[in-house]
Amino acid sequence: MTLAAVVLELALVVATMLAVATLVVVGPRPVATALNDFRWRLRACLLPLAALAVVLLLRWATVDVVVRLEREVIGNPVTSYLFEFERVVFPEYPVVVLQSFQTPEVTAYFVFVYIYGYAFLLLFPFVAYFALEEMEELSTLIVAFAVNYGVGLVCYVLFLSMGPRNLEPTLFEGLLYDAFPQSRTLTNQVNQNTNVFPSLHSSLSMTVFFIAWQTREKYPLWVPISGVLAISVVVSTMYLGIHWFLDVVAGTALAAASVYVARNYSIESAISGIRGYLDGRLGRNGRPERD
């Protein structure tokens with residue numbers, strides 16, 4: 001299957017999920033109202049959107065540089081530490097335990113969740129929060145995503161790590177590519193096999209769930225849906241042999257930190273802080289002040 005066919009199939013499935021969830025969770029009237037006055041909503045989220053775009057653009061534009069830095073200059077190989085930690089702490093590797101429950105049906109569920117459920121989980125909050133009367137929740141979501149990607153980018157430069165299936169394929173099965181080989185076409189376009197610590201699948205999914213919980217009064221039905229999906233995505237990363245347990249723990253911690261940052265700080269306050277710092281260092285005349 002070609003990349004275009006994989007992307008088309010992904011788009012059709014996720015679009016169907018988004019349409020159904022929008023009708024059931026949000027309702028057609030709030031969506032219609034939001035579309036009618038979309039301009040002020042976009043203006044309200046302009047700075048967070050710009051920050052997220054910069055981070056994503058930076059990540060996309062520096063792929064080659066990042067790979068060179070992590071593998072030849074900075075990268076600290078940590079795979080053996082992750083492997084050894086789980087061997088010492090657990091009576092059996094968590095990935096092996098999860099894969100012991102392997103059946104065709106369970107594998108199909110986790111592959112579906114990892115590919116389609118994950119994309120839906122990340123996109124639906126944009127629709128839901130865009131339909132609210134205030135854009136605070138949407139801004140929080142966007143800033144939290146930017147923090148996730150930014151920290152993830154730094155960690156992937158600092159820590160050179162490979163997943164269980166790539167380290168010990170005889171012990172940990174690579175169930176994703178065995179059950180859904182066409183997914184390799186897509187994942188090879190967006191990720192490196194050394195971008196493992198932390199798990200961004202886990203961090204972004206749990207970020208959505210944490211914000212859903214904080215906004216439960218607005219969309220109560222979204223809380224259990226996002227919770228089941230987020231936890232399923234987290235488990236799927238280990239069941240499919242992609243991530244270690246510590247990758248998932250680090251991803252969940254990153255999710256909590258990103259939501260805290262997004263709730264307590266804004267892009268405007270960050271810009272104001274940087275401007276104040278520069279003013280303080282340069283002085284009123286734009287010249288560096290002497291200590």
Side-chain angles (χ1 to χ4, degrees), residues 1-3 6 9-10 63 66-119 152 155-206 229-254:
M1 184 178 285
T2 64
L3 175 62
V6 173
E9 182 180 285
L10 175 66
V63 168
V66 168
V67 170
R68 201 168 303 160
L69 282 174
E70 69 177 7
R71 298 187 182 184
E72 301 178 9
V73 183
I74 302 176
N76 301 300
V78 297
T79 311
S80 60
Y81 296 109
L82 299 174
F83 183 78
E84 187 63 16
F85 174 84
E86 297 195 0
R87 187 189 69 79
V88 172
V89 171
F90 299 104
E92 185 58 274
Y93 291 102
V95 171
V96 172
V97 172
L98 289 172
Q99 291 187 342
S100 68
F101 295 98
Q102 178 183 160
T103 67
E105 293 76 16
V106 173
T107 301
Y109 171 74
F110 281 123
V111 168
F112 181 86
V113 163
Y114 185 82
I115 300 291
Y116 303 103
Y118 175 66
C155 288
Y156 293 157
V157 172
L158 295 177
F159 306 116
L160 185 61
S161 176
M162 302 188 75
R165 60 180 176 173
N166 291 319
L167 179 68
E168 289 286 349
T170 57
L171 180 60
F172 309 109
E173 297 185 57
L175 296 179
L176 176 62
Y177 294 151
D178 292 343
F180 194 54
Q182 56 268 43
S183 64
R184 188 189 297 270
T185 309
L186 181 63
T187 56
N188 286 347
Q189 297 295 318
V190 298
N191 207 359
Q192 303 291 324
N193 60 6
T194 53
N195 292 350
V196 171
F197 183 85
S199 164
L200 279 187
H201 261 70
S202 298
S203 68
L204 291 168
S205 298
M206 293 307 292
L229 273 177
I231 293 172
S232 295
V233 170
V234 169
V235 174
S236 76
T237 65
M238 292 187 288
Y239 177 85
L240 297 174
I242 298 167
H243 283 288
W244 304 93
F245 179 76
L246 277 181
D247 301 333
V248 169
V249 172
T252 304
L254 174 57

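Heavy atoms only: backbone and side chains are in, while hydrogens, waters and symmetry mates are out.
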From [atom1] ([X]) to [atom2] ([Y]), nearest 0.5 Å:
X: Leu204; Y: Leu254; atom1: CG; atom2: CG; answer: 8.0 Å
X: Ser236; Y: Leu175; atom1: OG; atom2: CG; answer: 11.0 Å
X: Leu229; Y: Tyr118; atom1: CG; atom2: OH; answer: 12.5 Å
X: Tyr239; Y: Ser100; atom1: OH; atom2: OG; answer: 9.0 Å
X: Thr107; Y: Tyr114; atom1: OG1; atom2: OH; answer: 14.5 Å
X: Ile115; Y: Leu176; atom1: CD1; atom2: CG; answer: 5.5 Å

[X] side-chain N/O to [Y] backbone N/O, donor-acceptor pair under 3.5 Å:
X: Thr79; Y: Met162; value: yes
X: His243; Y: Val196; value: yes
X: Glu86; Y: Trp244; value: no

Least distance between heavy atoms, [X] atom then [Y] atom:
X: Gly241; Y: Pro164; result: O-CD, 3.5 Å
X: Gln102; Y: Glu173; result: NE2-OE2, 3.2 Å
X: Phe197; Y: Leu82; result: CD1-CD2, 4.5 Å
X: Met238; Y: Gln99; result: O-NE2, 4.3 Å
X: Ser205; Y: Ala230; result: O-CB, 3.5 Å

Taking everything shown except Phe83 itself, do over 12 heavy atoms lie less than 6.0 Å from its CZ? yes
Would Tyr156 and Leu200 count as a side chain to side chain contact (heavy atoms under 4.5 Å, CB included) if you check the C-alpha gap in whole Å, the side-chain angles of each, and the deciding distance to 0.1 Å? CA-CA 11 Å; Tyr156 293 157; Leu200 279 187; 3.4 Å; yes
For Tyr109, give me all partners under side chain to side chain donor-acceptor pair (under 3.5 Å), at least two apart in sequence or on another chain. Ser232
